[in-house]
Amino acid sequence: MRMLVTGGAGFIGSHFVRQTLSGGYPGLGCDEVVVLDKLTYAGNLSSLSPVLDDPRLRFAQGDVCDRETVAEMVRGVSLIVHFAAETHVDRSIADGGDFVRSNVLGTHTVLDAALEAGVDKVVLVSTDEVYGSLSEGSAAEDRPLAPNSPYAASKAASDHFARAYHRTFGLDTCITRCSNNYGPYQFPEKLVPLFITRLLDGLTVPLYGDGRHVREWVHVDDHCRGIALVAERGSPGATYNIGGDTELSNVRMAGTLVSQLGLDESLVRFVEDRQGHDRRYSLDDSRIRRELGYRPSVPFEEGIESTIRWYTENRSWWEPLRAPAHRDLLGTSAER
Ligand code: NAD
Ligand code: DAU
């Protein structure tokens, strides 16, 4: 079976590809992986280096908005796992244009190509941010969408297209909505890798607002196992939340990182809040647990420790990402 993975050179997509090719998802029965990735600032071929020489992998640099490229890539493909997207909320606040293009037009292009080529199934990788901020309780899949950032709005639109292609054309689409991921190979703009890499360099870390915002954390390996289960056995047209069991305020997360690195809490600086900053996300993921047997298996303490170790031992992966081209955004948030 041939699978197309879009965004397979990003943080989560590359984990999914590495795991697939090392036999992590035998139920998928996948023996050929095609990766289509534009290699934006967030895409990195070196994240695929452990499997780049694998003859079952084909990598193509290209844009999911480009109809001809996508049509060529889906030829002979049975399953598409669609990760490709612009993903950083702060960037979407600075300029949402690329988010509309890659996340909305890109998904529409992938769905059209899938329909035309007779692809068996498309899994759209989405996010808990589409439900908006929750003051209490947890969001189940039938909760009305209320995205608050331009990023979340583009992902919600993308979800609607996947749903509509199932309802209108009968295309077998599934949507997964996951909470905040952490793990190796994450671009050092997101909270966990930004803080770890700055702390490793002896720099301060910027906590937005009062730091009491709450996120639900899941190790990337658990998220990808959830996606594989949905790809294998998810019901056509269904949406599955994928959660991680660990809700933490940002101030607790910052404290954990500082103390695991044996550093002083004075390195945490409170800075101006993110515009429209969602206070809390929380997922009710009982559907995927009940129907597909999903359960997060990486305890938070172990996952965060191994993630810190990975960044400590893999400076050669992240140091080039802090080169001048990326300083604009990283620098700004660091100075605030
Ligand atoms: P990432 O930013 O690390 O990687 C995104 C990848 O997509 C990059 O390799 C980039 O080059 C590629 N890409 C972007 N635009 C493209 C385009 N137009 N054409 C082709 N490739 C393009 O993102 P990530 O954290 O790995 O997230 C992957 C998916 O998972 C996204 O859809 C995101 O919304 C979703 N998600 C992420 C999280 C999280 O915590 N990171 C949580 C839930 C859902
Ligand atoms: O919830 C899933 C989402 O998680 C994904 O869909 C997104 O692609 C991913 O980027 C992530 O979004 P967040 O905005 O939650 O992640 P981020 O790492 O940017 O921020 C996590 C929390 O930490 C958030 O409350 C903002 C805060 N923060 C972030 C940064 C970068 C800080 O306090 N300081 C910072 O420098």
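Just so you know, ligand 1 is whichever comes first in the structure, and atom 1 is the first atom listed for that ligand. Computed from heavy atoms alone, side chains included, the values below leave out hydrogens, waters and symmetry copies. These figures come from a predicted structure and were not determined experimentally.
Counting protein heavy atoms only, atom 42 (C) of ligand 1 is closest to S179 O, 3.3 Å. Taking atom 32 (O) of ligand 1 as the reference point, the nearest protein heavy-atom neighbour is K155 NZ, 2.7 Å. The nearest protein atom to atom 9 (O) of ligand 1, hydrogens excluded, is given as D37 OD2, 2.6 Å; this is a heavy-atom distance. Atom 2 (O) of ligand 1 has its closest protein heavy atom at T87 OG1, 2.7 Å. Summary of contacts: the protein heavy atom closest to atom 19 (N) of ligand 1 is V64 N, 3.0 Å. The protein non-hydrogen atom at the shortest distance from atom 44 (C) of ligand 1 is S126 O, 3.0 Å. For atom 34 (O) of ligand 1, the nearest non-hydrogen atom of the protein is Y151 OH, 2.7 Å. At the top of the distance list for atom 29 (C) of ligand 1, counting protein heavy atoms only, stands F83 O, 3.3 Å.
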**Request:** Give the intermediate values and the outcome of salt bridge (Lys or Arg N to Asp or Glu O under 4.0 Å) for residues R91 and D98.
**Result:** CA-CA 9 Å; R91 289 182 190 261; D98 283 346; over 6 Å; no
**Message:** Applying side-chain hydrogen bond (donor to acceptor under 3.5 Å, both in side chains) to E86 and Y151, what does each step give before you reach the verdict?
**Reply:** CA-CA 8 Å; E86 289 292 334; Y151 161 69; over 6 Å; no
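Applying the 4.0 Å criterion to heavy atoms of S102 picks out, from ligand 1, the atoms 15 (N), 17 (C), 18 (N). Listed by atom number, the atoms of ligand 2 under 4.0 Å from K190 heavy atoms are 10 (O), 18 (O). Counting the atoms of ligand 2 from 1 in the order shown, those under 4.0 Å from a heavy atom of P206 are 32 (C), 33 (O), 34 (N), 35 (C), 36 (O). Here is the list of ligand 2 atoms found below 4.0 Å of a heavy atom in H277: 24 (C), 25 (O), 26 (C). Interface atoms of ligand 2 facing D128, defined by a heavy-atom separation under 4.0 Å, are 1 (O), 2 (C). Close contacts of ligand 1 with L39, meaning ligand atoms under 4.0 Å from a residue heavy atom, involve 11 (O). Set against the non-hydrogen atoms of C178, the atoms of ligand 1 under 4.0 Å away are 43 (C). Set against the non-hydrogen atoms of N180, the atoms of ligand 1 under 4.0 Å away are 40 (O). For ligand 2, the atoms closer than 4.0 angstrom to any heavy atom of V89 are 14 (O). Residue contact check: H88 has heavy atoms under 4.0 Å from atoms 19 (O) of ligand 2. In summary, the atoms of ligand 2 found under 4.0 Å from a heavy atom of T127, numbered by their order in the structure, are 1 (O), 2 (C), 3 (C), 5 (C), 6 (O). Interface atoms of ligand 2 facing Y151, defined by a heavy-atom separation under 4.0 Å, are 5 (C), 6 (O), 7 (C), 8 (O). Set against the non-hydrogen atoms of D63, the atoms of ligand 1 under 4.0 Å away are 17 (C), 18 (N), 19 (N). Residue G62 approaches ligand 1 through these ligand atoms, each under 4.0 Å from one of its heavy atoms: 19 (N), 20 (C). Set against the non-hydrogen atoms of T40, the atoms of ligand 1 under 4.0 Å away are 10 (C), 11 (O), 14 (C), 15 (N).
In this structure a side-chain-to-backbone donor-acceptor pair under 3.5 Å is present from E216 to L283. Using a distance-only test at 3.5 Å, with no hydrogens or angles considered, no donor-acceptor pair links the side chain of N103 to the main chain of S158. Between the side chain of T312 and the main chain of I308, a donor-acceptor pair closer than 3.5 Å is present. Between the side chain of K38 and the main chain of S102, no donor-acceptor pair closer than 3.5 Å is present.
Salt-bridge formation is not detected for the pair D142/R287: no Lys NZ or Arg NE/NH1/NH2 atom is positioned less than 4.0 Å from an Asp or Glu carboxylate oxygen. Salt-bridge check for E72 with R58: passed, with a basic side-chain N closer than 4.0 Å to an acidic carboxylate O.
In this structure, a donor-acceptor pair under 3.5 Å is present between the side chains of Y165 and D112. Under the 3.5 Å distance criterion, with hydrogens and angles disregarded, a donor-acceptor pair is assigned to the side chains of R177 and Y131. At a cut-off of 3.5 Å, with distance as the only test, a side-chain donor of D221 or H15 sits close to an acceptor on the other residue. Counting only N and O atoms by type, the side chains of T256 and R252 include no donor and acceptor under 3.5 Å apart.
Proximity of N103 to ligand 1, defined as any heavy-atom pair under 4.0 Å, is not found for any part of the residue. For E216, no heavy-atom contact with ligand 2 is shorter than 4.0 Å. Residue L207 touches ligand 2 through backbone and side chain together, judged by heavy-atom distances below 4.0 Å.
Between D201 and T197, the closest side-chain pair of non-hydrogen atoms is not below 4.5 Å. Side-chain contact between S179 and Y281: absent, with no pair of heavy atoms (C-beta onward) separated by less than 4.5 Å. At a threshold of 4.5 Å between non-hydrogen side-chain atoms, the residues F16 and V33 do not count as touching. Taking 4.5 Å as the limit, every side-chain heavy atom of D66 sits out of range of all side-chain heavy atoms of T109.
A heavy-atom separation below 4.0 Å is not found between K155 and ligand 2. Heavy-atom separations between S47 and ligand 1 are all 4.0 Å or longer.
For atom 39 (C) of ligand 1, the nearest non-hydrogen atom from the set I12, V81, V125 belongs to I12. Relative to atom 27 (C) of ligand 2, the option among N180, D90, L194, N250 with the closest non-hydrogen atom is N250. When the heavy-atom distances from atom 35 (C) of ligand 2 to W217, F270, Y208 are ranked, the shortest goes to Y208. The nearest non-hydrogen atom to atom 7 (O) of ligand 1, considering only A9, G10, G43, A85, comes from A85. In this structure, of H15, K38, R215, the residue bringing a heavy atom nearest to atom 21 (N) of ligand 1 is K38.
Considering I80, T173, V119 as possible partners of L111, the one that fulfils the side-chain contact (heavy atoms from CB on, under 4.5 Å) test is T173. Of the candidates N250, D273, D90, D90 is the only one forming a side-chain hydrogen bond (donor to acceptor under 3.5 Å, both in side chains) with Y208.
Remark: ligand 2 and D278 share no N or O pair separated by less than 3.5 Å (distance only, no angle test). Considering backbone and side-chain atoms together, E129 places an N or O closer than 3.5 Å to an N or O of ligand 2. Taking any N or O of E189, backbone or side chain, none lies under 3.5 Å from an N or O belonging to ligand 2. Close N/O approach between L191 and ligand 2 is found [any backbone or side-chain N/O within under 3.5 Å].
Ring geometry for Y182 versus W217: interplanar angle over 60°, hence perpendicular rather than tilted (30 to 60°).
Hydrophobic clustering places Y185 together with Y41 (ILVMFWY residues linked when any side-chain heavy atoms are closer than 4.5 Å, directly or through intermediates).
A distance of 11.0 Å separates CG of D128 from CZ of R280, quoted to the nearest 0.5 Å.
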